[in-house]
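Computed from a predicted model, the values in this text were never measured in an experiment.
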Amino acid sequence: MKVKLLAHTPEPEKLVAAAAKNCYSSTDVDSVLDGLTEEKIQSFVHMLSEIGHESPIEHVSFTFAIEGVSRSLLAQITRHRMASFSVQSQRYVRERGFEYVVPPEIDKIPAAREQFIRAMEDDQRTYEALTAALMEGYVEELLAQGVPEKQARRQAEKHAIEDARYVLPNACATRIVMTANARSLKNFFKLRCCNRAQWEIRALAEEMYRLVYAVAPTLFAHCGPACVDGACTEGKMSCGKAAAVRAHYQKLRETAGL
């Protein structure tokens with residue numbers, strides 16, 4: 001897995017403070033940014049967190065490039081509707097020797113790993129065989145229609161991989177560009193940084209959190225799973241490791257940006 005913060009709103013905490021200032025003062029638009037010292041910016045951001053007024057933080061956004069993650073993760077992360085996604089297409093990109101993600105629990109058991117890799121290799125062979133069979137049929141149809149051979153093969157491959165992709169596994173790796181505002185990210189971190197989240201999306205959420213915390217530490221000071229700054233919200237499904245989770249996130253914050 002590789003995660004990179006491609007872009008973010010310039011001076012995100014200052015913009016959040018300006019939005020908050022607009023809500024709580026009679027300042028006009030020409031002076032909404034005036035007088036926002038670092039101290040006042042932190043004061044506004046802390047106040048918003050304490051009173052639960054989160055709409056001002058929607059004005060700042062962060063864009064990530066994500067690669068080496070599975071289609072299984074893709075199905076989970078796109079359930080977070082308050083974000084924008086651009087995903088590598090399996091309709092237009094042929095999966096020649098596709099990369100895949102091996103779950104750690106499978107990777108640590110040699111017999112399980114061997115069986116998993118064998119399944120991936122079988123999927124690749126099936127995909128290639130199905131692509132070839134579909135292409136042959138499509139090429140014949142296009143040639144019969146008078147399409148030049150080179151053009152026919154190019155069109156046939158596109159049609160073929162569009163249907164052949166149905167045999168590709170959830171483990172198949174993909175790339176994503178994702179943009180979300182700070183409020184949506186805070187909710188994402190609360191849900192997906194939790195120990196009860198699936199391992200892959202939890203690892204992604206932690207890395208995304210590390211990247212945004214380095215840029216806006218005051219804004220994201222109280223992020224992570226619910227137990228980091230309060231009580232666990234998982235009830236009887238709790239992992240029971242709140243103290244260890246708090247220590248982990250304290251260390252993560254201390255090392256963010258290094």
Novice: Looking at Q90, is its backbone amide N or carbonyl O close enough to the side chain of R165 to form a donor-acceptor pair, meaning the two atoms are under 3.5 Å apart?
Specialist: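 The answer is no, because no donor-acceptor pair under 3.5 Å joins these two groups.
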Novice: Which atom names give the shortest non-hydrogen contact between L5 and T63, and what distance separates them?
Specialist: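 L5 and T63 have their closest heavy atoms at CD1-O, 3.4 Å.
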Novice: State, to 0.1 Å, how close Y127 and A164 come at their nearest heavy-atom pair, and which atoms those are.
Specialist: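 Minimum heavy-atom separation between Y127 and A164: CD1-O, 3.5 Å.
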Novice: Taking the inter-plane angle between the rings of F220 and F189 on a 0 to 90° scale, is it parallel (under 30°), tilted (30 to 60°) or perpendicular (over 60°)?
Specialist: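 Aromatic pair F220/F189 classed perpendicular.
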Novice: Report yes or no: do D229 and Y249 form a side-chain donor-acceptor pair below 3.5 Å?
Specialist: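 On atom types as modelled, these side chains do not qualify, holding no pair under 3.5 Å.
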Novice: Has R196 got a side-chain atom pairing as donor or acceptor with E234's backbone, closer than 3.5 angstrom?
Specialist: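 Here the side-chain-to-backbone pair does not exist.
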Novice: Would you please say whether a donor-acceptor pair under 3.5 Å links the side chains of S70 and E200?
Specialist: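 Per modelled atom types, S70 and E200 side chains form a pair under 3.5 Å.
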Novice: Without hydrogens or angle criteria, can the side chains of Q250 and E254 be said to hold a donor-acceptor pair below 3.5 Å?
Specialist: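 Q250 vs E254: donor-acceptor pair found between side chains.
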Novice: Drop me the distance from E95's CD to L168's CG, to the nearest 0.5 angstrom.
Specialist: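 It is 5.5 Å, given to the nearest 0.5 Å.
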Novice: Without hydrogens or angle criteria, can the side chains of T78 and H80 be said to hold a donor-acceptor pair below 3.5 Å?
Specialist: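 Judged by distance alone, the side chains do not pair up.
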Novice: Indicate, with yes or no, if M47 and V45 share a hydrophobic cluster defined by side-chain heavy-atom contacts under 4.5 Å among Ile, Leu, Val, Met, Phe, Trp and Tyr.
Specialist: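 Same hydrophobic cluster.
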Novice: For R253 and Y209, does a side-chain donor sit closer than 3.5 Å to a side-chain acceptor?
Specialist: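 Checked: R253/Y209 side chains pair up, N/O donor to acceptor below 3.5 Å.
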Novice: Please name the pair of heavy atoms, one in C194 and one in P225, separated by the smallest distance, quoted to 0.1 Å.
Specialist: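 The pair with the smallest heavy-atom distance is CA-CB, 3.7 Å.
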Novice: Compare every heavy atom of A160 with every heavy atom of M135, then report the nearest pair and how far apart it is.
Specialist: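 Smallest heavy-atom distance, with atoms named: CG-CB, 3.5 Å.
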Novice: Distance-only, no hydrogens or angles: does the T255 side chain make a donor-acceptor pair with backbone N or O of L252 under 3.5 Å?
Specialist: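 Judged by distance alone, yes, a pair lies under 3.5 Å.
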Novice: Calculate, to the nearest 0.5 Å, the distance between atoms NE2 and CZ belonging to H159 and R91 respectively.
Specialist: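 Going from the NE2 atom of H159 to the CZ atom of R91 covers 9.5 Å.
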Novice: Should the pair K186-E58 be classified as a salt bridge under the 4.0 Å nitrogen-to-oxygen rule?
Specialist: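 So K186 does not pair with E58 through a salt bridge.
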Novice: Is it the case that Q76 and R192 place a side-chain donor and acceptor less than 3.5 Å from each other?
Specialist: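 Yes, side-chain donor-acceptor contact under 3.5 Å.
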Novice: If you measure from the Lys or Arg side-chain nitrogens to the Asp or Glu carboxylate oxygens, is any gap between E114 and R118 under 4.0 Å?
Specialist: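 Answer for the salt bridge query: yes.
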Novice: Hey, mind stepping through T174 and F98 against side-chain contact (heavy atoms from CB on, under 4.5 Å) and telling me if it holds?
Specialist: CA-CA 9 Å; T174 190; F98 66 81; over 6 Å; no
Novice: Looking at R94, I'd like to know if its CZ atom is crowded, meaning that more than 12 non-hydrogen atoms belonging to other residues, nucleotides or ligands lie closer than 6.0 Å.
Specialist: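 Atom CZ in R94 is crowded, with more than 12 foreign heavy atoms closer than 6.0 Å.
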Novice: Is it true that a side-chain atom of R202 and a backbone atom of N195 form a donor plus acceptor pair closer than 3.5 Å?
Specialist: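 Such a contact is found between R202 side chain and N195 backbone.
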